[in-house]
Colleague: 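Here you go, one structure.
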Amino acid sequence: MAEKKETKKPTDEELIAQFQEGDYYAFELIIKRYKDQLVNFAFRFIGDLNDAEDIVQETFLRVFRKRNAYKNVAKFSTWIYTITGNLAKTELRRRKRRKLLSLTNLGFEDKEFELPDPEKGPEETVDNIIRDSVLQKAINSLPEKFKEVIIFRDLQELSYEEISTILKIPLGTVKSRVNRGRLKLQEVLQDYFNELRD
Amino acid sequence: MGHCENFLNDLPDYIDGTLSNSKMKLVCNHLDLHVECKHLFERAKIVKKSLAAMPMITTSDEFEERLKTKIQAEMLNPRSDRIIPLKPLVASLTAAAAIAAFAIVINDQYLSDKAPKMLITPKLTTPPMPMGRQVSSQSGNSLNRMAGGPVTIGVPLDSANSRNEGLTGAPGSSADNVLRNLSRSSQMQNVGKEKEEKDSTRKN
């Protein structure tokens with residue numbers, strides 16, 4: 001009888017340890033494991049897919065360069081999300097500065113965050129694509145501190161403890177921000193929900 | 001009011017289903033009593049569900065290829081991320097080089113203006129001959145001794161400059177030429193003196 005060999009999936013921490021010892025294949029596995037979730041996070045945070053991919057590429061390059069800076073005291077996911085989060089925040093601030101410098105662009109970008117007309121027909125509002133775009137715009141309109149916790153918690157499904165470590169804020173603050181972020185989203189999406197309820 | 005605040009604090013955990021049983025009962029009781037809080041809870045639940053239902057964004061097909069190219073470049077040039085701090089250094093070096101080049105050009109112009117005057121001695125023991133200049137170099141004293149006095153070279157300054165014939169320290173002339181010509185003229189003078197001495201001894 002052929003024995004079934006159990007192939008245990010290596011943890012992130014094991015992979016980064018192998019990579020620190022010079023195993024580049026381990027790094028490839030890390031890329032495969034994290035690329036989509038990081039791009040999803042970055043896209044939800046900044047609202048542009050090209051920029052999101054650039055941010056994630058830079059994240060992996062930094063992991064490559066600074067691989068020895070990672071110590072096995074925190075989870076690897078926390079470390080890599082911190083890098084992506086910081087890069088995404090920097091990108092948002094850069095955009096804000098650009099927006100301030102270019103007054104002509106202001107009108108266009110503001111329009112992008114406008115919610116759809118609540119008088120639109122029910123067929124349109126039910127449509128998934130529109131719903132997603134409405135949600136994305138609602139997320140974009142949130143203040144940064146609420147946006148990041150909402151994305152981490154409700155989209156990336158990280159634990160409150162992990163979010164607390166990544167953002168370096170107390171657990172209670174994470175919870176209250178998640179709460180307030182959700183309530184703010186409700187306010188923004190109120191018309192949308194009213195239509196859904198009808 | 002106080003109950004509503006407590007409810008709001010517990011709402012995230014209630015929605016996530018991570019509240020303890022005792023707290024869960026309190027929240028349920030509160031929701032039965034406060035319609036506004038119940039609406040709030042329902043909306044928050046919809047928001048959470050809607051967010052969770054959002055499609056997962058994935059990377060493009062060429063994402064990994066692009067990343068591999070960047071990593072290969074990084075491996076070939078591991079210090080490429082330190083180029084930025086070198087920028088000020090490069091700029092200051094360029095500025096220093098420009099200043100040095102400027103100084104060299106100015107110095108050359110100054111030397112070309114001054115060099116003939118420096119090579120031509122100001123020490124005149126005899127009045128200078130017309131259309132000629134008395135020449136002396138840094139070793140002017142020894143030359144004077146060799147030649148038995150200051151040497152006058154009958155080449156006009158301007159013509160010597162234009163022909164580049166040395167002796168006047170014009171650009172292109174060398175100190176060796178000056179010395180050679182000077183020693184030749186002093187030898188001629190010595191030969192003349194010797195002849196005069198021989199003639200006088202013969203007469204005697």
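Every chain is numbered from 1 and lettered A, B, ... according to where its sequence line falls, protein lines coming before strand lines.
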Colleague: Checking A/Arg180 against chain B: side chain, backbone, both or neither under 4.5 Å from a heavy atom?
Modeller: neither
Colleague: Is B/Glu64 salt-bridged to A/Lys32, going by a charged N under 4.0 Å from an acidic O?
Modeller: yes
Colleague: Measure the CG-CE distance between A/Asp132 and B/Met54 for me, rounded to the nearest 0.5 Å.
Modeller: 5.0 Å
Colleague: Working to the nearest 0.5 Å, report the span between NZ of B/Lys49 and CG of A/Asp154.
Modeller: 13.0 Å
Colleague: Select one option (side chain, backbone, both, neither) describing which atoms of A/Ile139 are under 4.5 Å from chain B's heavy atoms.
Modeller: side chain
Colleague: If you compare all heavy atoms of B/Lys70 against all heavy atoms of A/Leu61, which two are closest, and at what distance to 0.1 Å?
Modeller: CD-CD1, 3.8 Å
Colleague: Just wondering, do B/Ile71 and A/Tyr24 contact through their side chains at under 4.5 Å, heavy atoms?
Modeller: no
Colleague: Minimum heavy-atom separation for A/Gln186 and B/Leu40, please, with both atom names.
Modeller: NE2-O, 3.5 Å
Colleague: Check each atom of A/Gln156 against the heavy atoms of chain B and say whether the ones under 4.5 Å are side chain, backbone, both or neither.
Modeller: neither
Colleague: Specify the closest pair of heavy atoms between A/Lys175 and B/Pro12, including all atoms of both residues, with the distance to one decimal.
Modeller: O-CG, 3.6 Å
Colleague: If you compare all heavy atoms of B/Asp16 against all heavy atoms of A/Arg182, which two are closest, and at what distance to 0.1 Å?
Modeller: OD1-NH2, 3.5 Å
Colleague: Find the distance between CG (A/Asn179) and CZ (B/Phe7) and round it off to the nearest 0.5 Å.
Modeller: 8.5 Å
Colleague: Begin from the C-alpha positions of B/Leu8 and A/Leu183 and carry the test side chain to side chain contact (heavy atoms under 4.5 Å, CB included) through to its verdict.
Modeller: CA-CA 10 Å; B/Leu8 280 178; A/Leu183 295 178; 4.1 Å; yes
Colleague: Select one option (side chain, backbone, both, neither) describing which atoms of A/Leu49 are under 4.5 Å from chain B's heavy atoms.
Modeller: side chain
Colleague: Return yes if some donor-acceptor pair links the side-chain N/O of A/Asp36 with the main-chain N/O of B/Thr59 below 3.5 Å, else return no.
Modeller: yes
Colleague: Step by step, would you call B/Leu51 with A/Glu157 a side chain to side chain contact (heavy atoms under 4.5 Å, CB included)?
Modeller: CA-CA 10 Å; B/Leu51 290 172; A/Glu157 296 178 343; over 6 Å; no
Colleague: Main chain of A/Phe64, side chain of B/Glu74: is a donor-acceptor contact present, judged purely on distance under 3.5 Å?
Modeller: no
Colleague: Is any side-chain heavy atom of B/Arg66 less than 4.5 Å from a side-chain heavy atom of A/Asp54?
Modeller: yes
Colleague: With a 6.0 Å cut-off (strictly less than), is the heavy-atom count around CG of B/Asp61, excluding the residue itself, greater than 12?
Modeller: no
Colleague: Select, from A/Gln37, A/Glu53, A/Glu28, the one with the greatest count of heavy-atom pairs under 4.5 Å involving chain B.
Modeller: A/Glu53
Colleague: To the nearest 0.5 Å, tell me how far B/Ser50 OG sits from A/Leu189 CG.
Modeller: 7.5 Å
Colleague: Chain B heavy atoms under 4.5 Å from A/Phe41: which part of the residue, side chain, backbone, both or neither?
Modeller: neither
Colleague: State the CG-OH distance between B/Asp13 and A/Tyr160, to the nearest 0.5 angstrom.
Modeller: 5.5 Å
Colleague: Is the side chain of A/Asn40 donor-acceptor paired with the backbone N or O of B/Ile57 at a distance under 3.5 Å, no angle test?
Modeller: yes
